[in-house]
Amino acid sequence: MNKIVREKNPLVHCITNYVTVNDVANAILAVGGSPIMADDIDEVADIVSIANAVVVNIGTLNERTINSMEKAVVAANLRNIPVVFDPVGAGVSQLRNKTVDRFLRTVHFTAIRGNISEMAYCAGETAKTRGVDANENDNDINAADIANAVAEKYSCIAIITGEKDVVSDGEHLVFIKNGVVMMKKVTGTGCMLSGILGAYLGACEDKFSAAVNAVTSMGIAGEMAAEENSAAGIGRFHIGIIDALSQIDDAIISARGKVTL
Amino acid sequence: MNKIVREKNPLVHCITNYVTVNDVANAILAVGGSPIMADDIDEVADIVSIANAVVVNIGTLNERTINSMEKAVVAANLRNIPVVFDPVGAGVSQLRNKTVDRFLRTVHFTAIRGNISEMAYCAGETAKTRGVDANENDNDINAADIANAVAEKYSCIAIITGEKDVVSDGEHLVFIKNGVVMMKKVTGTGCMLSGILGAYLGACEDKFSAAVNAVTSMGIAGEMAAEENSAAGIGRFHIGIIDALSQIDDAIISARGKVTL
Amino acid sequence: MNKIVREKNPLVHCITNYVTVNDVANAILAVGGSPIMADDIDEVADIVSIANAVVVNIGTLNERTINSMEKAVVAANLRNIPVVFDPVGAGVSQLRNKTVDRFLRTVHFTAIRGNISEMAYCAGETAKTRGVDANENDNDINAADIANAVAEKYSCIAIITGEKDVVSDGEHLVFIKNGVVMMKKVTGTGCMLSGILGAYLGACEDKFSAAVNAVTSMGIAGEMAAEENSAAGIGRFHIGIIDALSQIDDAIISARGKVTL
């Protein structure tokens with residue numbers, strides 16, 4: 001489906017954190033989309049009106065941007081374009097929890113992507129969260145159960161990333177075993193994936209397959225970067241992920257993807 | 001003129017977007033300037049008072065920073081130091097349009113740089129704009145006419161970047177054919193150029209030649225990065241642009257520049 | 001002590017500028033910590049409650065984040081966890097000066113790190129400051145005296161970075177001669193060091209040695225990056241610094257560190 005993304009060149013409106021925003025923009029460009037970042041409440045509706053998808057990431061949320069995010073998603077829901085939600089740090093602070101609760105109550109997301117702690121929070125489970133680079137192995141909660149719970153509760157595609165990624169839409173559930181542990185040593189691999197999900201969902205009709213392709217691409221990009229750069233350190237590994245995303249096509253996804261039911 | 005920039009080491013005060021701000025700072029350093037980013041309304045006048053140039057970029061504008069930008073440019077106009085304006089996304093939202101209109105009415109810019117859609121908006125033409133990475137080929141509006149119109153209307157140097165760059169001050173007009181298409185696949189090449197323009201205009205007396213040198217440098221940097229990195233992907237290409245900017249000197253600009261009347 | 005950082009994996013809460021925030025996060029990850037960036041006043045206390053250290057950097061301060069910073073440091077002081085202060089641009093604007101004065105009066109910092117101009121401002125000396133990439137050689141003020149003055153006045157570890165770094169806690173003072181001049185050509189090497197200081201202070205008991213190790217690591221990382229990348233330009237040099245930070249261990253610090261009394 002990467003061919004479709006590159007052909008349609010979807011415009012992806014991101015309201016995302018300032019830590020990884022450059023990587024998110026370049027990741028979207030790398031897979032064939034066009035990013036546009038805009039977070040003022042007085043312009044988000046205009047930007048949504050020309051966008052093919054919206055990505056909302058609460059990594060560095062504040063009162064101003066929370067309101068802009070909600071307005072953008074409401075506008076996207078009215079236009080019926082896909083919206084990706086990245087609930088960064090859900091469970092870590094009351095502000096994040098209140099914001100996640102509010103969004104989940106008032107708007108609809110096409111896809112929600114987080115690590116297992118964040119997704120457990122969305123599912124309503126009690127899970128301890130330790131910052132934005134949580135070690136999912138510390139949890140013995142079953143990722144598949146959480147993904148299914150989130151998918152069913154919010155009628156969305158739920159994506160949990162970790163050593164093994166899980167994608168569920170409540171009816172179908174797949175595991176994806178691509179990726180390398182080193183990806184945790186670079187900030188923003190999750191944020192980049194959420195951006196890529198916006199590009200895939202904005203371009204492709206079959207949303208579940210689009211999500212699976214996006215998740216698989218990110219994992220393969222990590223593997224390709226590690227093969228070339230793992231000895232060199234995480235600076236080159238980081239850049240190598242963007243390199244790989246720009247090189248990946250459907251043939252590579254087919255050949256290297258480790259998707260299982 | 002790069003020698004002059006490296007010798008004078010101009011301090012360039014940038015109020016720019018948070019997507020590409022790191023690249024803008026490193027690009028300014030790479031060509032020989034010193035960047036300083038400051039956007040609080042209570043300090044912009046102090047920063048302008050020690051700066052050699054100001055760069056204003058509305059990529060992620062908001063109510064707070066719009067007011068800071070205006071105050072900074074007013075202060076720069078009073079001090080008679082050069083100001084570069086990058087009207088990112090002009091035409092895309094009412095907020096951007098109102099902001100561009102307001103700035104063009106109330107302050108003076110030494111140079112305005114944008115893609116053809118953004119510059120057509122400034123010129124008053126009706127042009128469809130499709131996000132911040134617009135494909136200039138979609139437009140059949142004549143870039144030279146738009147550049148001349150902006151230059152004359154606002155008594156500034158107008159710079160339109162695209163496959164062929166145009167620089168006009170209303171009296172002189174040149175085309176620059178450096179650069180590679182791959183530059184569109186990295187976010188921020190336009191923003192970096194606006195930063196570099198600040199460094200060149202802040203250091204050099206002959207503003208038109210300074211602008212032409214800055215634009216040519218950015219195009220050559222793209223070519224040099226592509227020669228070394230194009231097979232590797234856009235991550236290394238991105239880093240290669242900064243590498244090249246730090247290596248370029250006047251001899252390289254003379255040898256590789258494709259500037260025509 | 002890097003082994004301790006990698007084992008304890010301290011969570012470092014940063015309220016830092018948007019120019020270099022990505023590098024700060026990746027530098028913290030590279031040395032073995034976990035970064036979390038959060039700056040809304042309604043959540044900083046929650047984030048501090050799970051953090052092992054706090055880093056406050058006023059590079060792009062504004063009214064909103066100044067208040068968040070103060071609240072975060074007050075919370076950190078109550079929890080008795082280490083706090084690093086990076087007074088970027090102290091001396092450059094009234095807003096920065098007032099903010100530095102206010103923080104130094106109302107809260108306690110475990111460590112304060114800046115260039116000689118910024119630290120001279122903190123010490124109360126009159127020193128001319130020229131932007132955030134000041135050339136410390138322009139000053140003939142004695143770095144050791146300033147470091148001692150800051151350390152004694154605020155009961156903290158004072159770190160002045162420049163061609164020769166100085167670390168003082170008022171009782172002990174060391175010079176560190178690692179690093180390369182090229183580090184001034186990349187924005188954020190100071191900010192990255194402040195982030196790394198947070199990781200070291202958050203993990204290690206002996207705070208003075210932890211600070212010395214952090215400063216030495218950053219200098220060595222610059223040297224390693226220059227050895228591999230200096231011919232290539234500052235783009236690869238920048239990435240090389242992150243690479244080196246992820247490779248450095250206690251053996252490298254022992255072998256290459258140039259720490260003298």
Side-chain angles (χ1 to χ4, degrees), chain B residues 6 9-52 60 62 64-65 68 195 221 224-225 228-229 235-248, chain C residues 16-26 37 57-66 88-100 117 128-135 138 182-189 191-192 229-243:
Chain B
R6 294 191 191 276
N9 184 223
L11 186 64
V12 183
H13 176 194
C14 303
I15 307 182
T16 188
N17 69 73
Y18 57 83
V19 184
T20 64
V21 59
N22 187 263
D23 287 332
V24 171
N26 280 322
I28 290 170
L29 282 164
V31 301
S34 281
I36 184 164
M37 275 62 180
D39 66 21
D40 191 274
I41 197 156
D42 285 337
E43 76 163 346
V44 291
D46 280 355
I47 305 297
V48 169
S49 76
I50 55 167
N52 300 106
T60 52
N62 61 57
R64 184 179 73 77
T65 52
S68 300
M224 288 170 66
E228 234 186 285
N229 294 293
R236 266 174 278 183
F237 176 66
H238 175 187
I239 302 304
I241 290 173
I242 306 282
D243 275 341
L245 286 172
S246 69
Q247 292 161 340
I248 287 173
Chain C
T16 188
N17 69 74
Y18 58 82
V19 184
T20 64
V21 59
N22 187 263
D23 287 331
V24 171
N26 280 323
M37 274 63 181
N57 173 310
I58 62 167
T60 53
L61 81 179
N62 62 56
E63 196 188 356
R64 184 179 73 78
T65 51
I66 291 167
V88 181
V92 164
S93 76
Q94 290 303 309
L95 179 68
R96 282 169 205 251
N97 296 354
K98 280 196 302 184
T99 303
V100 171
S117 306
K128 292 211 170 171
T129 300
R130 188 173 169 288
V132 295
D133 290 289
N135 183 342
D138 293 348
M182 198 180 186
M183 294 170 82
K184 285 187 193 169
K185 299 297 285 181
V186 174
T187 193
T189 52
C191 304
M192 284 187 245
N229 294 292
S230 63
I234 71 168
R236 265 173 279 183
F237 176 66
H238 175 187
I239 302 305
I241 290 173
I242 306 282
D243 275 341

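In what follows, every chain begins at residue 1, and chains take the letters A, B, ... in the order their sequences are listed.
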Quick one: are C:L95 and C:E63 in side-chain contact, heavy atoms under 4.5 Å? no
Below 4.5 Å from any heavy atom of chain C, which atoms of B:S68 appear? Answer side chain, backbone, both or neither. neither
B:N52 and B:H13: CA distance, side-chain angles, deciding distance, side-chain hydrogen bond (donor to acceptor under 3.5 Å, both in side chains) verdict: CA-CA 8 Å; B:N52 300 106; B:H13 176 194; over 6 Å; no
Checking heavy atoms, do the side chain of B:R236, its backbone, both or neither come under 4.5 Å from chain C? neither
Any side-chain heavy atom of C:V92 within less than 4.5 Å of one from B:I50? yes
When only pairs under 4.5 Å are counted, which of C:V21, C:T20, C:V19 shares the most heavy-atom pairs with chain B? C:V19
Would a 4.5 Å heavy-atom cut-off, applied to side chains only, mark C:R96 and B:D46 as touching? no
When rounded to the nearest 0.5 angstrom, what is the spacing between CG in B:L29 and CD1 in C:I234? 5.5 Å
Using a cut-off of under 4.5 Å on heavy-atom pairs, state which of B:I41, B:D39, B:D42 scores highest against chain C. B:D39
What part of C:N17 is in contact with chain B, defined as an atom under 4.5 angstrom from a non-hydrogen atom: side chain, backbone, both or neither? neither
